[in-house]
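Below is one structure, written out as structure tokens, with a few remarks after it.
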Amino acid sequence: MPLTVQEMLETANSVVQRISAAQARELLQQGALLLDIRDAPELEKTGRAVGSHHISRGMLEFRADPALQSHDPELRKDRPIILHCASGGRAALAGKLLKDMGYQHVYNLGGFSDWVNGGGDYVGPVDSGM
């Protein structure tokens with residue numbers, strides 16, 4: 001039976017722990033990776049968390065698989081990964097995907113605004129020169 005987006009989100013949220021910005025900062029101090037999975041135009045428009053790593057959601061599988069040439073060495077199965085997107089939905093789905101791929105310590109911070117409103121450092125949007 002086909003799944004709805006709501007069902008996929010419910011499943012993802014049941015297996016990927018949602019954490020606060022304060023909890024994320026604690027994990028980052030211990031070596032976790034803050035992974036921004038928004039698309040590039042979103043980062044250009046809103047800015048990004050200081051120290052975050054960017055892989056768009058559409059490329060995550062290809063960057064997360066160590067058997068592929070496109071693997072991103074920042075993604076290690078022994079390293080906690082904290083995901084965020086714009087509001088938390090894509091981060092939940094991406095977190096479940098990473099867990100399905102064998103990543104054990106995966107967390108959902110929610111959206112970029114959760115980071116900013118939680119006191120996380122960020123750099124503003126890129127000046128378009130206009």
Side-chain angles (χ1 to χ4, degrees):
M1 176 169 32
L3 293 173
T4 66
V5 171
Q6 185 60 40
E7 290 168 330
M8 289 187 287
L9 284 169
E10 287 171 4
T11 300
N13 285 321
S14 73
V15 298
V16 180
Q17 181 181 350
R18 182 80 178 247
I19 62 172
S20 68
Q23 291 169 308
R25 285 193 302 275
E26 288 177 26
L27 288 168
L28 291 169
Q29 290 175 352
Q30 299 169 20
L33 175 68
L34 180 59
L35 185 58
D36 188 332
I37 61 164
R38 296 176 295 157
D39 292 332
E42 293 175 277
L43 275 72
E44 292 170 4
K45 183 177 179 182
T46 63
R48 65 188 296 166
V50 171
S52 67
H53 189 67
H54 176 249
I55 299 172
S56 66
R57 171 65 188 93
M59 291 300 298
L60 187 58
E61 294 90 335
F62 303 99
R63 306 291 280 163
D65 187 339
L68 298 179
Q69 189 173 24
S70 58
H71 176 252
D72 187 323
E74 291 293 330
L75 298 176
R76 299 188 316 264
K77 293 185 180 181
D78 64 342
R79 183 181 193 187
I81 299 172
I82 304 163
L83 296 154
H84 83 82
C85 58
S87 63
R90 285 176 289 175
L93 295 172
K96 182 178 183 311
L97 168 86
L98 289 175
K99 285 190 163 254
D100 289 347
M101 293 181 76
Y103 289 82
Q104 298 297 312
H105 306 287
V106 181
Y107 305 94
N108 180 358
L109 171 61
F112 179 63
S113 62
D114 293 309
W115 176 255
V116 172
N117 294 334
D121 292 333
Y122 67 97
V123 292
V126 175
D127 183 356
S128 65
M130 302 300 272

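Quick caveat: nothing in here was measured; it's all calculated off a predicted structure.
Arg90 has a carboxylate O that lies under 4.0 Å from a charged side-chain N of Glu42, or vice versa, which qualifies the two as a salt bridge.
Note that NZ of Lys96 is 6.5 Å distant from OG1 of Thr11, once rounded to the nearest 0.5 Å. Rounding to the nearest 0.5 angstrom, the gap separating the NE2 atom in His71 from the CZ atom in Arg63 is 8.5 Å.
Listed here is the closest heavy atom pair of Asp39 and Ser56: OD1-CB, 3.7 Å. The two residues Ala91 and Leu83 come nearest to each other via the heavy atoms O-CD1, 3.5 Å. The minimum heavy-atom distance between Ala24 and Ile82, with the atom names listed, is O-CD1, 3.6 Å. In terms of heavy atoms, Val16 sits closest to Gly95 at CG2-C, 3.4 Å. Contact between Leu34 and Ala49 at its shortest, heavy atoms only, is CD2-CB, 3.6 Å.
When hydrophobic clusters are built by joining Ile, Leu, Val, Met, Phe, Trp and Tyr residues whose side-chain heavy atoms come closer than 4.5 Å, directly or via intermediates, Val106 is grouped together with Ile55. Under the 4.5 Å side-chain contact rule for hydrophobic residues, Leu109 and Leu28 share a cluster. Both Leu68 and Leu97 are assigned to one and the same hydrophobic cluster, defined by single-linkage of ILVMFWY side chains at heavy-atom distances under 4.5 Å. Hydrophobic cluster membership is shared by Phe62 and Tyr103, with clusters built from Ile, Leu, Val, Met, Phe, Trp and Tyr side chains linked at under 4.5 angstrom. Following chains of ILVMFWY side-chain contacts shorter than 4.5 Å, one cannot reach Leu93 starting from Ile19, and the two form parts of different hydrophobic clusters.
The shortest side-chain heavy-atom distance between Leu60 and Leu35 falls under the 4.5 Å cut-off. Inter-residue side-chain proximity for Val5 and Leu9 is flagged as met; some heavy-atom pair is nearer than 4.5 Å. Residues Asp72 and Met59 form no side-chain contact, since every pair of their non-hydrogen atoms from C-beta on lies 4.5 Å or further apart. For the pair Arg48 and Val123, the minimum side-chain heavy-atom distance is below 4.5 Å. Looking only at side-chain heavy atoms (C-beta outward), Trp115 and His84 stay at 4.5 Å or farther from each other.
Residue His53 qualifies as enclosed at atom NE2: its count of foreign heavy atoms under 6.0 Å is above 12.
With Asn108 contributing its side chain and Gly88 its backbone, the two residues share a donor-acceptor pair below 3.5 Å.
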Exercise answer: donor-acceptor pairs, residues 74-81 side-chain atoms, under 3.5 Å, sequence neighbours excluded:
from: Glu74; atom 1: OE1; to: Arg79; atom 2: NH1; distance (Å): 2.7
from: Arg76; atom 1: NE; to: Asp78; atom 2: OD1; distance (Å): 3.4
from: Lys77; atom 1: NZ; to: Met101; atom 2: O; distance (Å): 2.8
from: Arg79; atom 1: NE; to: Gly31; atom 2: O; distance (Å): 2.9
from: Arg79; atom 1: NH1; to: Glu74; atom 2: O; distance (Å): 3.3

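Residues in residues 2-25 take part in these salt bridge (Lys or Arg N to Asp or Glu O under 4.0 Å) pairs, two or more places apart or across chains: Arg18-Asp114.
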